[in-house]
Amino acid sequence: MADIQKGNNFVEDRKESITNGIEANVVEKPVDLDDVLTNELGQFGRFQLRNMLLVAVPIIMSAFMSEFIFSAAAIPHRCQIPECGEKSNLEDFEPEWILNAVPETSTGFDSCQRFTPHSLSSNGTLDNCPANLFNQTSTVSCDGFVYARDNSVVYDFDLGCQDWLRALAGTLNSVGTLLVLPITGYVSDRFGRRVALVISVFNLATFGVIRAFSVNYTMYMILQIVQTTLGAGTFSSAYIFAAELVGPKYRVLASATSTSMFAVGQVLLGSVAWLIQPWRYMILALHIPCFLIISYYWILSESVRWLLSKQRFEEARVVLENVARVNKKEISEKSMEALMNPPQAASPEGITEEGKPNLIKSIIRSPILLRRVCTTPIWWITTTFVYYGLSINSTSLSDTMYLNYILTCAIEIPGFYTAVLILDRIGRKATLSVGYFFSSACNIAFVFIPSDYYALRLVIFLLGKFGISTVMTSVYLYTSELYPTEFRHSLLAFSSMIGRVGSITAPLTPVLMDYWHGIPSILFGVMGILSGLLVLTQPETLGTKMPNTLAEAEALGRPESKTQNTR
């Protein structure tokens with residue numbers, strides 16, 4: 001997924017800011033692609049802009065996998081009353097006599113219980129269903145249901161009072177995003193970024209279209225996990241194109257922009273779901289246009305970094321010459337030859353065939369590293385849990401669930417760019433800790449705001465999403481800066497993988513509102529406070545050099561770790 005790639009891009013950005021400083025004039029290093037981009041081709045020219053605009057489309061489409069929020073949305077339901085002539089699932093949902101047959105609750109009437117009928121031969125009608133037909137001192141469970149709307153699988157597959165089963169669609173969606181990691185990684189590294197992107201979008205579109213014709217809920221759920229397992233690599237594959245040819249100076253900005261495009265996709269998803277409410281047609285409208293991305297196989301140039309890593313130098317030369325032409329720049333023959341003939345890299349210290357045992361031993365022997373390995377995954381669990389949980393729960397803010405979802409996703413965009421603006425000004429710890437605490441305060445306050453204060457509730461809810469969106473961008477960078485180069489990729493991937501626990505459990509939180517409306521928000525708040533406090537236990541990394549060894553990682557926070565002391 002994009003998590004590991006984003007972390008690596010942040011890492012590369014920080015490396016460049018150090019190695020291209022004062023010492024660059026003293027220590028000669030081999031020419032690499034970043035040097036060529038910085039000095040000759042341009043760090044962000046017309047070619048990179050064109051690439052970013054092109055890949056913005058599949059990034060937007062990658063958000064369509066969250067359509068289960070609408071296709072499997074909860075809809076109001078109640079018991080069917082056959083004694084009064086009800087025979088279908090779409091009878092009048094609130095007839096005048098409903099409280100004669102169904103117990104009253106604080107929010108209206110019961111969804112899963114009804115009064116016990118006196119006899120099976122009751123002769124009430126749809127217009128007249130008197131209370132004397134029922135024993136109002138006892139209740140029984142529903143034998144059938146009447147639904148307020150028909151634009152959800154809950155109606156089509158009769159899932160009334162089975163909220164845990166309904167919420168399972170979202171959980172399977174998140175499980176698929178975990179299973180896709182090794183699949184996309186293998187395809188991308190073996191066959192290229194372009195092939196990985198086209199295959200991922202094709203799978204996303206194909207299984208999405210098939211799912212629109214699901215004949216039962218089992219088929220719907222199976223296709224849900226298959227679609228994400230084979231198609232959720234769309235974001236990471238597209239993200240690579242946006243980031244791999246951007247120079248170090250613009251890499252963080254490119255990362256935030258790509259993430260913002262995902263938020264734009266969520267806004268588009270909510271808009272389409274609002275305009276096309278029959279869930280089958282909505283799924284078709286979202287996924288059929290995705291087949292157009294197949295043309296990217298001929299439109300997009302393969303990643304230069306991948307071509308160079310695979311020693312496909314002639315193809316890389318063609319792409320580099322095209323970049324120079326579009327950017328109206330020139331690449332010197334000396335630089336081209338340096339890229340075509342890279343020096344043989346020595347094996348990094350500590351990375352052997354027994355690399356994994358060495359990593360484990362290093363963690364056990366270093367109390368500082370052990371504390372970080374136990375701490376950073378909790379940040380990631382909290383971030384994904386709150387981030388996805390707020391998006392999913394936004395649909396229950398009011399009857400206008402589409403507008404609620406659109407606003408909740410749109411607020412992410414300023415949150416992402418806020419992180420970019422303040423990370424290098426107030427520091428990593430302050431950004432993350434304040435982001436967690438601010439989001440937690442909003443989530444906890446939300447619980448105690450009366451439901452008739454709709455505008456205030458919406459503002460507080462959106463501010464909570466703004467806070468966790470700022471954290472979402474920041475946690476990649478801070479995590480990568482805490483670990484040494486020799487173990488950074490593995491430990492960043494470990495934190496990201498464990499963090500999927502949050503996104504897997506988030507779809508289940510709306511069901512908890514059946515027990516008390518404030519449970520999800522309290523959970524979001526408590527998790528945020530815990531992670532905010534754990535951030536304070538780690539050293540500040542702003543102004544420090546990127547640790548290459550375990551000793552340097554352990555020294556973070558001490559004077560010798562500052563960049564000005566590394567000469």
When you check the side-chain N and O atoms of [X] and [Y], is any donor under 3.5 Å from an acceptor?
X	Y	result
T479	W380	yes
N135	S138	yes
T382	S531	yes

Y478 vs W379, test: ring pair (Phe, Tyr, Trp, His ring centres under 6.0 Å). Steps then yes/no.
CA-CA 11 Å; Y478 191 37; W379 300 345; 5.4 Å; yes
[atom2] on [Y] to [atom1] on [X], rounded to 0.5 Å:
X	Y	atom1	atom2	value
I69	S394	CD1	OG	6.5 Å
L179	I225	CG	CD1	5.5 Å
T139	F134	OG1	CZ	13.0 Å
Q80	C142	CD	SG	9.5 Å
S258	I60	OG	CD1	11.0 Å
S214	F157	OG	CZ	5.5 Å

Donor-acceptor pair, distance only, cut-off 3.5 Å: does the side chain of [X] make one with the backbone of [Y]?
X	Y	result
S439	Y436	no
Q136	N100	yes
S503	G499	no
E412	K465	no
H287	I283	yes
T171	I504	yes
N173	M65	yes
S62	I59	yes
T473	T470	no
S152	I75	no

Between R78 and E91, does any side-chain N to carboxylate O distance fall below 4.0 Å?
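So R78 does not pair with E91 through a salt bridge.
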Taking the six-membered ring for Trp, are [X] and [Y] parallel (under 30°), tilted (30 to 60°) or perpendicular (over 60°)?
X	Y	value
Y402	F70	parallel
H77	Y147	tilted
F93	F109	tilted

Could you check Q224 against M219 for side chain to side chain contact (heavy atoms under 4.5 Å, CB included), going step by step and ending with a plain yes or no?
CA-CA 8 Å; Q224 178 76 71; M219 178 179 175; over 6 Å; no
With a sphere of 6.0 Å drawn around CZ of F291, does it hold more than 12 non-hydrogen atoms of other residues, nucleotides or ligands?
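Yes, enclosed.
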Might you confirm whether atom CG of D143 has over 12 heavy atoms from other residues, nucleotides or ligands at distances under 6.0 Å?
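Counting other residues, nucleotides and ligands, CG of D143 stays at 12 neighbours or fewer.
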Provide the closest heavy-atom pair for [X] versus [Y] in the form atom of the first, atom of the second, distance.
X	Y	value
F145	S111	CE2-O, 4.0 Å
W97	I81	CZ3-CG1, 4.1 Å
Y405	S66	OH-CB, 4.2 Å
V154	G160	CG1-N, 4.3 Å
P510	I392	CG-CG2, 3.7 Å
S474	L432	CB-CD1, 3.0 Å

Please report the C-alpha distance between N393 and T509 in whole Å, then the side-chain angles of each, then the deciding distance to 0.1 Å, and finally whether the side-chain hydrogen bond (donor to acceptor under 3.5 Å, both in side chains) criterion is met.
CA-CA 8 Å; N393 282 273; T509 54; 2.9 Å; yes
After noting the C-alpha distance and the side-chain angles of L268 and V264, does the key distance pass the side chain to side chain contact (heavy atoms under 4.5 Å, CB included) rule?
CA-CA 6 Å; L268 182 60; V264 171; 5.5 Å; no
Quick one: does [X]'s side chain get under 4.5 Å of [Y]'s, heavy atoms only?
X	Y	answer
L204	Q227	yes
V175	R500	no
V209	L284	yes
D156	R280	yes
N443	L390	yes
V146	L90	no
I522	W516	yes
K87	P82	no

Given F68, W279, F213, the one that forms ring-ring contact (aromatic ring centres under 6.0 Å, His included) with Y220:
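Single pass found, and it is W279.
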Would V57 and I293 count as a side chain to side chain contact (heavy atoms under 4.5 Å, CB included) here? Give the steps.
CA-CA 8 Å; V57 179; I293 304 301; 3.8 Å; yes
Residue pairs involving residues 159-199 (criterion disulfide (SG to SG under 2.5 Å); sequence neighbours excluded):
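Pairs touching residues 159-199 that pass the test: C112-C161.
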Does Y296 have R194 sitting over its ring (NZ/CZ under 6.0 Å from centre, angle to axis within 45°)?
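No, R194 does not lie over the aromatic ring of Y296.
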Could you please spell out the steps behind the side chain to side chain contact (heavy atoms under 4.5 Å, CB included) verdict for L407 and L458?
CA-CA 9 Å; L407 293 175; L458 180 61; 3.8 Å; yes
Step-by-step salt bridge (Lys or Arg N to Asp or Glu O under 4.0 Å) determination, K310 to E302
CA-CA 12 Å; K310 295 298 181 181; E302 183 55 87; over 6 Å; no
